[in-house]
Amino acid sequence: MASNGAREYMLSKSFDAKSSEAKWISLWEADKLGAADVSTSSLPYVIMMPPPNVTGTLHMGHALTMSLQDLLTRFHRMAGRNTLWQPGMDHAGIAVQAIVDAKLDSENIRKEDIGRSEFLRRSWEWKEKSGGTITRQLRSLGAAPDWARERFTMDAGLSEAVKKVFVSLYEEGLIYKDKRLVNWDTKLETAISDLEVEQKETSGHLWHLRYSLDGDPKKSLVVATTRPETMLGDTGVAVHPNDERFKHLIGQMIRLPITGRLIPIVGDEHADPEKGSGAVKITPAHDFNDFEVGRRHDLPMINILNRDGTLNENTPKEYRGLSVNEARKAVLDQAHNEGWLERVEEHTLQQPIGDRSKTVVEPYLTEQWFADAATLAKPAIRAVESGKTKFVPDTQAKIYFEWMRNIQPWCISRQLWWGHQIPAWYDEDGNVYVAHDEKSAQEKAGPGVRLEQDPDVLDTWFSSALWPFSTLGWPEQTEELKAYYPGSVLVTGHDIIFFWVARMMMMGMHFMGDVPFREVYIHALVRDETGAKMSKSKGNIIDPLDVSDQFGTDALRFTLAAMASPGNDLKLSTDRVEDSRNFVTKIWNTAKYIELKQCSIDSSFDPGGVSHPLNIWILSELASAQVKIEKAIETYYFNEAAGALYHFTWDLFCPWYLEFTKPLLSSEHEAIVTETKATLAFAFGQLIHLLHPIMPFVTEELWAGYFCKANGEAPGLLGFRPWPEAPVVNSADATEELGFIRELI
RNA sequence: GGGCGGUUAGCUCAGCGGUAGAGCACCACAUUGACAUUGUGGUGGUCACUGGUUCGAUCCCAGUACCGCCCACCA
């Protein structure tokens, strides 16, 4: 090494995040940093990336979850594990269909006119474009999964898994067709699951309607309703069997206004004497409670709605084709004019809204495919009870249990085109043949029978539920499946415990006989400044790429890690990111100082042989910081790992140690100078390793830009290097001085 | 109605049985010294409230208030 002090700076004045990021992103990929090696014997470490939807762009929540997963993967890779971070994307059935629908709308094209195959072609086109955007964005967050293994939920292989699972569950009686009320999205014209319905508080009215008894128009009964238009489908009125006011009326008939239909008064405990008027109208085809009452009393079920939510041919002529709101007004007008509108009250109610379409959801009587979730849930519940899968933080397990123990049948069919078409065929008599493909369906049906495939597709979450094993090649018994199932940890937000975690647990237990992952780390949701969930429709998205452009990806990642304390949602402020950016700069300048002092890493450096108390001190502080960091990462206390790195660097290493090295390095004792230079280089080199999982870019840059060059080593990726041992120092001879230093600081 | 979480400095948040912490903001001082994307020092807190356990509680327990979220239901 040159010792004339005239050597030029190798490190630039400041860290240029943008160009550095571009460089390392492509180098990591070229050198296959993320590649899992199924043939190695080292212990696997597996994270299944929650596949982002192919819709739109990544948001701050993605930035958080991806940063944490990347951090974990990098840490465990350096620690010698055979890591697989499995990337991919989800076809997001409803979301994509809604987007393609909207584009068609804007071109004044009806999807029925272009047909299913053209619609699918356009959807794939969207997928290619949007999916490319997302993987680019993922890369720019520093994510280095095993890109060669990228999967899409509608890949041939994954579709194969979906068919296999459907057929097999059907044959086991765990998938069945049933005619019952489902939540119906009137805009997208499809069934959706309970989970896809949001309740939105709206102000409305409670209308009291007076119905006359048949044959005795002087006697009447008042019912209260928030939805008067549904009376066109009423088939009864219920009163509580013990309600003294009404019990004598049970069994009598009412002449329903407008339709003139005769409907019975029934006694049912659903009627709450305290609520409304005490008598409740029963619309079995358009209300979940009324459906049950209708079943108990064998009332007819009259569907009054078309698929688009307008009134159908089961209503009087003048009502047909009206929207629900128009029909409501018309019913009320008529009631007012005819004198049976008793009174009106203000009333707030929860209106069901489809989470994708943001339009009204109607309970709708249709035939749909259901999965027997209660049966599938049982082993999945036991797996968490017995600790085969652990939730972190463990309070999240309660939420899982609560839902799983009260789980309802899962409506898995959707009246969409984009998705996995249901592998069921019907003959002309409506008999159903569930089979892997048309050929085997034909075999089941017999020769010459005309078959038509079910036009519906499966709920997106049906294929996502298989992700932990379908991505590994299942149903083939691949090497990957053997090596990488079950996964180590699933990292996700609490908003999809029900949607996804629960269903992966069910499918994993059923088809693999084992849990899909040993731990579920539930991280915070990133919220906006008011604490509201960020969402496109609210327009409160903070784009992580903007933040990373402004402050650098390392700064963003460090901020997210520092804020990721378990259990709490986090409200992101750019002040914090700015501070992290300053931290990156601090690290950069530290490296420049070390370079200026011409320190270089000596691979034979032995921390135990260091004798100057200051050098012993910093190495022992480094060791204790390192232990903290390792423990914090292993227990998912990312905030503590980030905090320990920050504290060590900014409160100990820079202001104290670095400052003290200034006089030491001008010492006349060459041994002290040599030892101090070596310790500086060693400690900082080690620090770069410890920082790498959180801040991959600046650490790679420093490793290659200074440390490798200074040592004449071939620059290898820092990400491939082994996680260092914590230094062990021999402090026996310096106990007093160490005590003094610690006291001082 | 059921469940979960929160309440700590002006702001965003850590901490957690033994003189209350960070960053930002604010104030003062420093400056071509690795670093102005800086350094040093400072202002600022009945740790929501009320009881209890304890030698000692911001921390544990019980309750109250307010805030947020999830689930269910509302004629």
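Naming convention: chains lettered A, B, ... in sequence-line order (proteins, then strands); numbering from 1 in each chain.
- Residue-level contact check: A591(A) touches neither bases nor backbone, having no heavy atom under 4.0 Å from any strand.
- Of all nucleotides listed (rG5(B), rU12(B), rU37(B)), rU12(B) comes nearest to the side chain of M563(A).
- Pairing for rU58(B) is absent, with no Watson-Crick or G-U wobble pair whose two atom distances lie under 3.5 Å.
- Here the C1' atom of nucleotide rA34(B) and the CZ atom of F684(A) are 10 Å apart, to the nearest Å.
- The C1' atoms of rA34(B) and rG42(B) are separated by 26 Å, rounded to the nearest whole Å.
- The phosphate of rG2(B) has neither OP1 nor OP2 within less than 4.0 Å of any side-chain N or O from K398(A).
- Base pairing of rA20(B) is not made with any nucleotide, judged by Watson-Crick or G-U wobble geometry with both donor-acceptor distances under 3.5 Å.
- Distance noted for atom C1' between rU37(B) and rG18(B): 39 Å (whole Å).
- Judged by distance alone, with hydrogens and angles left aside, the side-chain atoms of R503(A) form a donor-acceptor pair with the main-chain N or O of F499(A) at under 3.5 Å.
- Nearest to the side-chain atoms of D579(A) among the listed nucleotides rC71(B), rG23(B), rA34(B) stands rG23(B).
- When distances are taken from the side chain of N589(A) to each of rA34(B), rC73(B), rG15(B), the shortest belongs to rA34(B).
- Interatomic distance, T230(A) OG1 to H286(A) NE2, rounded to the nearest 0.5 Å: 8.5 Å.
- At least one donor-acceptor pair closer than 3.5 Å links the side chain of S277(A) to the backbone N or O of V222(A).
- Across all strands shown, D290(A) has no heavy atoms under 4.0 Å from either base or sugar-phosphate atoms.
- Among rU38(B), rC73(B), rU37(B), the nucleotide with an atom closest to any side-chain atom of Q199(A) is rC73(B).
- Nucleotides rG45(B) and rG10(B) have their C1' atoms positioned 11 Å apart, rounded to a whole Å.
- Pairing partner, rC73(B): none, since no Watson-Crick or wobble contact has both distances short of 3.5 Å.
- Per the geometry, CZ belonging to R405(A) stands 17 Å off C1' belonging to rA72(B), to the nearest Å.
- For N406(A) and rC71(B), the shortest distance from a side-chain N or O to OP1 or OP2 is not below 4.0 Å.
- The side chain of H494(A) has rC69(B) as its nearest neighbour among rA34(B), rU38(B), rC69(B).
- F558(A) and F583(A) have tilted rings, their planes meeting at an angle from 30° to 60° on a 0 to 90° scale.
- Remark: the backbone N or O of D272(A) is not paired with any side-chain donor or acceptor of H240(A) at under 3.5 angstrom.
- Residue F498(A) has its side chain nearest to rC70(B) when only rA34(B), rC73(B), rC70(B) are considered.
- Between the CH2 atom of W403(A) and the P atom of rC4(B) there is a distance of 19 Å, given to the nearest Å.
- A donor-acceptor pair shorter than 3.5 Å can be found between the side chains of S220(A) and R210(A).
- Nucleotides rA14(B) and rU7(B), compared at atom C1', are 15 Å apart to the nearest Å.
- The residue among V197(A) and P655(A) whose nearest nucleotide of RNA chain B is located toward the 5' end is P655(A).
- Distance check on atom P: rU50(B) versus rU58(B) gives 12 Å, rounded to whole Å.
- In this entry the distance linking CG of L645(A) with P of rG23(B) reads 16 Å, nearest Å.
- One interatomic measurement links the two molecules: CZ of F653(A) to C1' of rA34(B), which rounds to 11 Å at whole-angstrom precision.
- Side-chain contact, S580(A) with T559(A): a donor N or O sits under 3.5 Å from an acceptor N or O.
- When Watson-Crick and G-U wobble pairs are counted only if both distances are under 3.5 Å, rC35(B) pairs with no nucleotide at all.
- Using a 4.0 Å cut-off, some side-chain N or O of K662(A) falls inside it from OP1 or OP2 of rA34(B).
- Dashed line: the shortest gap from a side-chain N or O of W656(A) to OP1 or OP2 of rU40(B) is not under 4.0 Å.
- Nucleotide rG63(B) is matched to rC49(B) when pairs are restricted to Watson-Crick or G-U wobble geometry with both distances under 3.5 angstrom.
- Looking at heavy-atom distances under 4.0 Å, I594(A) makes no contact with the nucleic acid at all.
- In this structure, T225(A) reaches the sugar-phosphate backbone alone: every heavy-atom distance under 4.0 Å involves primed, P, OP1 or OP2 atoms, never a base.
- When distances are taken from the side chain of R581(A) to each of rC73(B), rU37(B), rA14(B), the shortest belongs to rU37(B).
- Comparing the P positions of rG23(B) and rU40(B) gives an interatomic distance of 10 Å, to the nearest angstrom.
- You'll find that the side chain of K275(A) is closest to rC73(B), out of rG5(B), rC73(B), rU12(B).
- Taking a cutoff of 4.0 Å between a charged side-chain nitrogen and a carboxylate oxygen, R405(A) and E385(A) qualify as a salt bridge.
- At a threshold of 4.0 Å, the pair E659(A)-K662(A) counts as salt-bridged, since one of the basic side-chain nitrogens sits closer than that to a carboxylate oxygen.
- The nucleotide whose nearest atom lies closest to any side-chain atom of R576(A) is, among rU38(B), rU12(B), rG39(B), rU12(B).
- Residue contacts for E659(A): at a heavy-atom cut-off of 4.0 Å it reaches a base atom on one of the strands shown.
- With sequence neighbours excluded, the residues satisfying side-chain contact (heavy atoms from CB on, under 4.5 Å) with S548(A) are E21(A), T553(A), L556(A).
- Between the C1' atoms of rC47(B) and rA9(B), the separation comes to 10 Å (whole Å).
- Of all nucleotides present, only rA28(B) satisfies the Watson-Crick or G-U wobble test against rU40(B), with each distance under 3.5 Å.
- Rounded to whole angstrom, the span from the CD atom of E402(A) across to the P atom of rC70(B) amounts to 15 Å.
- rA14(B) is unpaired under the Watson-Crick or G-U wobble criterion, no partner having all donor-acceptor distances under 3.5 Å.
- Residue-level contact check: F15(A) touches neither bases nor backbone, having no heavy atom under 4.0 Å from any strand.
- Across all strands shown, the partner of rG68(B) is rC4(B), judged by Watson-Crick or G-U wobble contacts whose two distances both fall under 3.5 Å.
- Taking the C1' atoms as reference points, rU19(B) lies 35 Å from rC4(B), given to the whole Å.
- Put simply, CD on E274(A) is 16 Å from C1' on rC73(B), counting in whole angstrom units.
- Both K586(A) and A279(A) sit near RNA chain B, but only K586(A) has its closest nucleotide nearer the 5' end.
- Separating the CD atom of E595(A) from the P atom of rA34(B) is a distance of 13 Å, rounded to the nearest angstrom.
- Residue-level contact check: K281(A) touches neither bases nor backbone, having no heavy atom under 4.0 Å from any strand.
- No engagement by H208(A) is indicated, since no non-hydrogen atom pair under 4.0 Å with the nucleic acid exists.
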